[in-house]
Amino acid sequence: MKLDLLTALFVFMLAAFLGLDIIRRVSRLLHTPLMSLTNAISSIAVIGAIIIAGEAHDTLSTVLGALAVFASTTNLVSGYLITDRMLRMFKRREAPKS
Amino acid sequence: MKLDLLTALFVFMLAAFLGLDIIRRVSRLLHTPLMSLTNAISSIAVIGAIIIAGEAHDTLSTVLGALAVFASTTNLVSGYLITDRMLRMFKRREAPKS
Amino acid sequence: MTPETIAEICYLAAAPCFILALRWMSQPDTARRSVAAGVTGMILAVGGTLLHPEIVTYKWIAIAAAAGIALGIPLARVPLTAVPERTGLSQAFGGFAAGLVGIAKYYLWLGEGQLTSFRMAVIALEVILGCLTATGGLMAAGKLAEKITTRPVTYAGQNIVSFVLLTLAIGLGGWLVVDPAQSWAFPIIIGLALIFGVLLILPIGGADMPTVISFLNSYAGLSAVAMGFVLENKLLIAAGALDGASGFVLSIIMCKAMNRSVTNVLFGAFGSVQTAAKVAEQRTVKSATATDAAELLTNADSVVIIPGYGMAVAQAQHRVRDLYDQLTKRGVDVKFAVHPVAGRMPGHMNVLLAEADIPYDRLVEMDDINPEMPQVSVALVIGANDVVNPAARTDEKSPIYGMPIIDADKSHTVLAIKRSMNPGFAGIDNELYYANNTLMLFGDAKQVIGDVVKAVTGEGGH
Amino acid sequence: MTPETIAEICYLAAAPCFILALRWMSQPDTARRSVAAGVTGMILAVGGTLLHPEIVTYKWIAIAAAAGIALGIPLARVPLTAVPERTGLSQAFGGFAAGLVGIAKYYLWLGEGQLTSFRMAVIALEVILGCLTATGGLMAAGKLAEKITTRPVTYAGQNIVSFVLLTLAIGLGGWLVVDPAQSWAFPIIIGLALIFGVLLILPIGGADMPTVISFLNSYAGLSAVAMGFVLENKLLIAAGALDGASGFVLSIIMCKAMNRSVTNVLFGAFGSVQTAAKVAEQRTVKSATATDAAELLTNADSVVIIPGYGMAVAQAQHRVRDLYDQLTKRGVDVKFAVHPVAGRMPGHMNVLLAEADIPYDRLVEMDDINPEMPQVSVALVIGANDVVNPAARTDEKSPIYGMPIIDADKSHTVLAIKRSMNPGFAGIDNELYYANNTLMLFGDAKQVIGDVVKAVTGEGGH
Ligand SMILES: NC(=O)c1ccc[n+]([C@@H]2O[C@H](COP(=O)([O-])OP(=O)(O)OC[C@H]3O[C@@H](n4cnc5c(N)ncnc54)[C@H](OP(=O)(O)O)[C@@H]3O)[C@@H](O)[C@H]2O)c1
Ligand SMILES: NC(=O)c1ccc[n+]([C@@H]2O[C@H](COP(=O)([O-])OP(=O)(O)OC[C@H]3O[C@@H](n4cnc5c(N)ncnc54)[C@H](OP(=O)(O)O)[C@@H]3O)[C@@H](O)[C@H]2O)c1
C-alpha cells in the first residue's frame with residue numbers, strides 16, 4: 001500500500017505529539033517499567049525484518065533479515081516479560097500484605 | 001494526492017486520541033473560549049468549499065460551493081474574533097487593575 | 001513541485017498549528033497564543049487550497065467570503081451572555097457547509113460517473129451528519145435565544161419516530177451504495193437528516209442546550225472528518241477529529257458535573273417539570289436590605305461569592321467587581337467559588353468575571369472551596385440556585401440528587417440574591433433559601449449589588 | 001481482500017493497542033493492562049505481516065524467532081539491579097535490527113534498480129540512526145555492567161572528531177542520494193555510524209548512562225520511524241514516534257531533576273572528577289551502632305526513609321521492608337521519600353521498594369515531603385548521597401548546585417547508612433554526614449539494616 005512522504009510525515013507528526021502528551025502523564029512510580037515497555041514496543045521493527053527474511057531474495061538479505069528478526073524478537077520477548085514482571089509488583093500493592 | 005481509506009482511518013485514530021488527551025488538559029477557566037475556538041477550527045471545512053465554488057463546474061455545484069464558503073467563512077471570522085475577545089479578558093488578569 | 005504538492009505541504013504545516021492552538025488552552029497565560037496559532041493554521045490551509053489548479057474562477061469564492069466576513073464580524077460582537085446562541089449558530093453553519101459540500105460532490109461525481117461505492121458511503125455519512133447538525137444547531141440556538149419554546153416538546157413514541165427517521169436515512173444511504181442508480185433517494189436522505197436534526201432537539205429543555213451544543217460541536221467535527229474522507233484530505237480529518245474530541249469531552253464533563261447520564265440529557269426531556277416548585281411559596285424566608293448586607297459583608301473576615309446564571313442574566317459582573325474592590329480595600333478576604341456548570345455554558349462564570357477584570361487567581365474551583373466553607377463568614381450567592389441546592393446532598397428523590405454542589409449552606413451566614421422564589425433551571429425548590437442562616441436580597445442582581453456597594457461606600461465613607 | 005489489505009487492517013488495529021498500552025501507564029492500577037495491550041498489538045502486527053505474499057519461506061523467520069525467544073526469556077529474568085544494562089542492550093538490539101533492515105533493503109533495491117533518491121535518503125537515515133544506536137547501546141550497557149570503564153574517557157578535540165565522523169556519514173549519504181552509482185560509499189557510512197556510536201558514549205561517565213540510555217531509547221524509536229519511511233509503513237512510523245517521544249521526555253525529566261542541561265550530560269564528561277572528595281576524610285563524623293539506631297527509630301513518632309543507589313547495590317530492599325513492618329507495628333509513622341533520580345534509573349527506587357512489597361501509597365515524592373521534613377523525628381538515609389547533599393542548596397560552586405534535593409538535614413536526627421565516606425555518583429563530599437544531628441551507620445546497607453531490625457525486635461521483644 002503506497003504511502004507518500006507527506007502522508008508519512010503527517011502520521012509521524014500526529015504520533016509524536018500524542019507520544020509527548022501521553023508520556024508526560026505517565027506516573028513517576030512507573031518510569032522504569034515504562035522504559036522497558038517502550039523497548040518492547042520498539043521491537044515492532046520485527047515486521048520489517050520478517051518480510052526481508054521471508055522473501056529469501058538472496059543470501060545476504062536473508063541473513064541480514066534473519067539477524068534482524070532475531071534481534072527484535074529478543075527485544076519483544078524480554079521487553080514484555082520484564083515489564084510484566086515489574087508491573088506485577090506494583091499491582092500487588094493494591095492489598096499490601098502488612 | 002490519493003489517500004486510501006485505511007490511511008485515512010489511521011490519521012483519524014491518531015488525531016482522535018490526541019484530541020481527547022489535549023482537551024482533557026484544557027483549563028476549566030477556558031471552557032467557553034475553547035468552545036468558540038473549536039468552532040473556528042471546524043471552519044476548516046472552507047477548504048472543501050473553496051474548491052467546489054472555484055471549479056464552477058455547473059450552476060448547482062457553484063451555488064452550493066459558494067454557500068458553503070459563506071457559511072464556513074462566517075464561522076472562521078466570528079469564531080476567531082470572539083475567542084480572541086474572550087481570551088484578552090483572561091490575559092489581562094496577569095496584572096489585575098485593582 | 002506541483003500546486004497539489006505545495007497545498008499538501010501547507011496542510012502538513014497547518015495541522016500542528018491547530019494542535020498547538022488547543023494545547024495552549026491548558027492555561028490562561030499561554031492561551032493568548034492559541035488564536036494566533038489557529039489563524040496561522042487557517043491561512044496556511046486556505047492559502048494552500050487556493051493554489052489548486054481545479055479552481056478556474058475566484059469570483060464566487062471572493063463574493064461568498066466577503067459575505068461571510070460581513071456576517072462574521074458582527075457575530076463576534078455579541079454580548080457574552082449570547083455566546084451560547086452564537087455557538088449553536090456556528091455549529092449549524094459548520095454542519096450546513098459540510099452538508100452542502102457533500103451534496104455538491106455527489107452530483108458532480110454522479111454526473112462524471114465517478115461515484116465509487118466508497119465515495120457514496122462517505123458522502124451519505126457527511127450529508128447526514130452535516131444536515132442534522134445544521135438543523136439541530138439552529139434549533140439549539142433558537143431555544144437558547146428563547147425564540148423557540150425552551151420547554152421540552154414531547155409526544156408519545158417520539159424517540160421511536162426519530163430513531164426510525166435516522167435508520168431510514170442511513171438505510172437509503174446504504175441502498176445508494178449498493179445501487180447508485182437510485183439517485184432519487186439522495187434528496188430524501190437530505191430531507192430526513194434535516195428533520196431528524198429538529199426532532200433531536202425539540203424534546204430537550206432549554207437549559208440542557210449547552211450540553212446539546214457541545215454534542216453538536218462533536219457532530220460538526222465528525223462531519224468535517226467525513227468531508228475529509230470524501231475529499232481524501234488529511235487536514236480535514238485531523239482538524240475534524242480534534243473538534244469532535246473536544247465537543248465529546250466537554251459534554252461528558254458537563255454531564256458529570258450535573259450528575260446526569262448522556263442519555264438522560266439527550267432523551268430525558270429534563271425540565272418538563274418546570275412548575276413543580278411554587279407550592280413552597282408559603283414558607284417564610286428572612287429577607288434583608290442592602291444596608292444589612294453591607295453591614296454583614298464589611299464586618300466579615302472572609303466572603304465567598306457564588307455566582308450563577310442570574311448574574312449572567314442581570315449582567316451584574318461589573319457591579320460585582322466594584323463590590324469586590326470595596327471589600328478587599330477594607331481588608332475582607334473575598335474569593336469566588338465557581339461551579340463547573342454554574343450559568344449556561346461550561347466556564348460561563350469565568351468569562352463573565354474575567355470580563356469584569358476580576359483576577360482569575362481569585363476564582364476557586366468547587367472541590368477546593370468546599371472544605372473551607374465552614375470557616376467562611378459570609379457566602380454571597382448571586383443568582384445561583386441549583387449549584388448551591390443542598391437537596392443534591394440530602395434529598396434522594398430530587399432530580400439533582402448526587403450532583404456535586406458548592407456547600408454555601410455550611411458557611412456562617414448566607415446572602416442570596418434573586419428576584420423571586422422561583423426555581424432555577426432544574427425547576428426545583430431550594431431549601432437553602434429557607435435556612436436560618438440565610439438572608440434573601442430580592443431584586444435584580446445588578447440593582448441589588450449596586451445598592452449594596454453604595455451602602456458599603458456610604459459607611460466606609462470616602 | 002488482498003493479504004496486503006488484511007495486513008493493513010491489522011496494522012490499523014495494532015496502533016491503538018500501543019497507544020493504550022502507554023496511556024495505561026499513567027497509574028499503577030491500570031498499568032497491568034498495558035502489557036496485555038502491547039502484546040495484542042504485537043500479535044496483530046506480526047500476524048498481519050506474516051500474511052504478506054512476498055514471504056516465500058517461513059524457515060529463516062522461524063529459526064531466527066526461536067533463537068530470539070531463547071535469548072529473550074533469560075534476559076527478562078535478570079535481577080532488577082541489572083535492568084539498566086538490559087535496557088541498554090535492548091536499545092542496541094533495536095538499532096541493530098533497524099540498521100540491518102536498512103542495509104538489506106539498500107542492496108535489494110540497488111540490485112533491482114529501484115533505489116529512488118527518496119528511498120536512498122531514508123535508508124541512509126535509518127542505517128545511520130540504527131548503527132549508532134547499536135554500538136552506543138552496547139557501550140552504555142557495558143559501562144552500566146562495569147565491563148567497560150565507567151570513567152569518562154576523554155581526549156583533546158574529541159567532540160570535534162565525533163562531529164566530523166557524523167557529518168562525514170551524513171555527507172556520504174547525501175552524495176549517494178545525488179549519485180547512487182557510488183555504492184562503495186555505503187559500507188563506509190555503516191562503519192562511520194558504528195564508530196560514532198562508540199565515540200558518543202566513551203566520554204560519558206557511567207553514572208550518566210541512565211540518561212544516555214533514554215536518549216538512545218528515542219534514537220531507537222526514530223530509527224524505527226525511518227524504517228517506516230523506507231518500507232512505507234504507518235505502524236512503524238507511529239510506534240517509532242511513540243518510543244522516540246518517550247525516550248525524549250524521560251531524558252528531559254532526568255536532566256531537570258539533576259539540574260543539568262542535555263548538552264552537559266552528553267558532552268560534559270561528568271564524573272571525571274571522581275577523586276576530588278577524599279580530602280575531607282580527616283573531619284570527624286559521629287557514628288552509631290545498630291542498637292542506638294533501633295533505640296532512636298522505635299522512639300520516633302515519624303520516620304522518613306530516604307533510599308538511594310546504595311540500597312540497590314546492597315539489594316537491601318527486603319530488609320528495609322522488615323524494618324518498615326517492625327516500626328509501623330510499633331505505631332511509628334514511616335514514609336519513604338523517593339527522589340526522582342535516586343538510584344541509577346528513573347523510578348529505580350520505586351521498583352525496588354515495590355519488589356519488597358512496600359505499599360506504593362507510602363512512597364512520597366520529593367516536593368511533597370520537603371515541607372514536612374522539619375517535623376520529622378528521624379530521617380533514615382539508606383545508601384543515598386547526592387540526592388540528600390545540602391551543597392545542592394548552599395554551595396554555588398558544587399557541581400550539583402541547584403539540583404533539587406530531599407532536605408534530610410532539616411529533620412531532627414539523621415541516620416545515614418553507607419560503607420565508607422566515599423562520595424556518590426557526583427564524586428563530591430557531603431556536608432550532611434558531618435552535621436551535628438547526623439549519625440553514621442557504616443557498613444553494607446543490607447547488613448546494617450538487618451542488625452537494626454534484630455535490635456528493634458530484640459527490644460520490642462516477641
Ligand atoms: N453551565 C453549564 O454548562 C450548564 C449546562 C446545562 C445546564 N446547566 C444547568 O444550569 C444550572 C446552573 O445553575 P445556576 O445555579 O447557575 O443557575 P440556576 O439554577 O438556573 O438558577 C439561576 C437563578 O438566578 C436567578 N435569577 C435569574 N435572573 C436573575 C436576575 N436578573 N437577577 C437576580 N437573580 C436572577 C433565578 O431566580 P429568580 O428567577 O427568582 O431571579 C434562578 O433561581 C444548573 O442546574 C446546571 O445543571 C448548566
Ligand atoms: N536515577 C536516575 O535516573 C539517574 C540517572 C543518572 C544519574 N543519576 C545520579 O545518580 C545519583 C543518585 O543519587 P543517590 O543518592 O541515589 O546515589 P549516590 O549519590 O550515587 O550515592 C550512593 C551512595 O550509596 C553508598 N553505597 C554504595 N553501595 C552501598 C552498599 N552496598 N551499602 C551501603 N551503601 C552503599 C555509596 O557510599 P559508600 O561507597 O561509602 O557505601 C554512595 O555514597 C544522583 O547523583 C543522580 O544524579 C541518577
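Here is how names work: the chains are called A, B, and so on, in the same order as the sequence lines, proteins then strands, and each is numbered from 1.
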*Do D:L242 and A:I41 pass the side-chain contact (heavy atoms from CB on, under 4.5 Å) test, and can you show the C-alpha distance, the side-chain angles, and the key distance before you say yes or no?*
CA-CA 9 Å; D:L242 290 174; A:I41 292 179; 5.7 Å; no

*Report the C-alpha separation of A:L18 and D:I19 in whole Å, then their side-chain angles, then the decisive distance to 0.1 Å, and conclude whether the side-chain contact (heavy atoms from CB on, under 4.5 Å) test is met.*
CA-CA 9 Å; A:L18 186 58; D:I19 292 171; 3.5 Å; yes

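Between chain D and the residues A:V63, A:D58, A:L81, the largest count of heavy-atom pairs under 4.5 Å involves A:L81. For the options A:L14, A:V11, A:I50, heavy-atom pairs under 4.5 Å to chain D are most numerous at A:I50. Counting heavy-atom pairs under 4.5 Å between each of A:I52, A:L76, A:V46 and chain D puts A:I52 at the top. Comparing D:V122, D:I103, D:L50, D:V78 by heavy-atom pairs within less than 4.5 Å of chain A, the highest count is held by D:V78. The residue among A:V77, A:T73, A:T74 with the most heavy atom pairs within less than 4.5 Å of chain D is A:T74. Listed options A:L30, A:T62, A:D21 were ranked by heavy-atom pairs under 4.5 angstrom with chain D; first place goes to A:L30. Per-residue counts of heavy-atom pairs under 4.5 Å with chain D were compared for A:T83, A:L60, A:L67, A:L34; the largest is that of A:L34. Heavy-atom pairs under 4.5 Å with chain A peak, among D:R77, D:R362, D:K59, at D:R77. By number of non-hydrogen pairs under 4.5 angstrom with chain A, the leading residue of D:I73, D:L75, D:V39 is D:V39.
Shortest non-hydrogen contact noted between D:L22 and A:V26 is O-CG2, 4.1 Å. Nearest heavy atoms, D:I61 versus A:G54: CD1-CA, 3.8 Å. Nearest heavy atom pair, residue A:F70 against residue D:G68, reads CD1-N, 3.4 Å. Of all heavy-atom pairs between A:T32 and D:G347, the closest is OG1-C, 3.3 Å. Scanning both residues, A:T38 and D:S246, for their nearest heavy atoms gives CG2-OG, 3.2 Å. Across all non-hydrogen atoms, the minimal contact from D:M42 to A:S43 is CE-OG, 3.4 Å.
Looking at D:E112 and A:H57, their side chains come closer than 4.5 Å, going by heavy atoms from C-beta outward. Side-chain contact between D:V351 and A:H31 is absent, with no heavy-atom pair separated by less than 4.5 Å. Between D:Q27 and A:L29, the closest side-chain pair of non-hydrogen atoms is not below 4.5 Å.
Looking at A:I47, the atoms closer than 4.5 Å to chain D (heavy atoms on both sides) sit in the backbone and in the side chain alike. Proximity to chain D (any heavy atom under 4.5 Å) is restricted, for A:A40, to the backbone atoms N, CA, C and O. For chain A, the nearby part of D:L222 is the side chain; its heavy atoms alone come within less than 4.5 Å. The contact between A:R85 and chain D is made entirely by side chain atoms (from C-beta outward), counting heavy-atom distances below 4.5 Å.
Between the D:D243 side chain and the A:S42 main chain, a donor and an acceptor come within less than 3.5 Å of each other. With hydrogens and angles ignored, the 3.5 Å screen pairs no side-chain donor or acceptor of A:N39 with any backbone N or O of D:S90.
For the pairing with A:L3, the side-chain contact (heavy atoms from CB on, under 4.5 Å) check across D:L231, D:N233, D:I237 returns one residue only, D:I237.
More than 12 heavy atoms of other residues, nucleotides or ligands sit less than 6.0 Å from atom CZ of A:R25.
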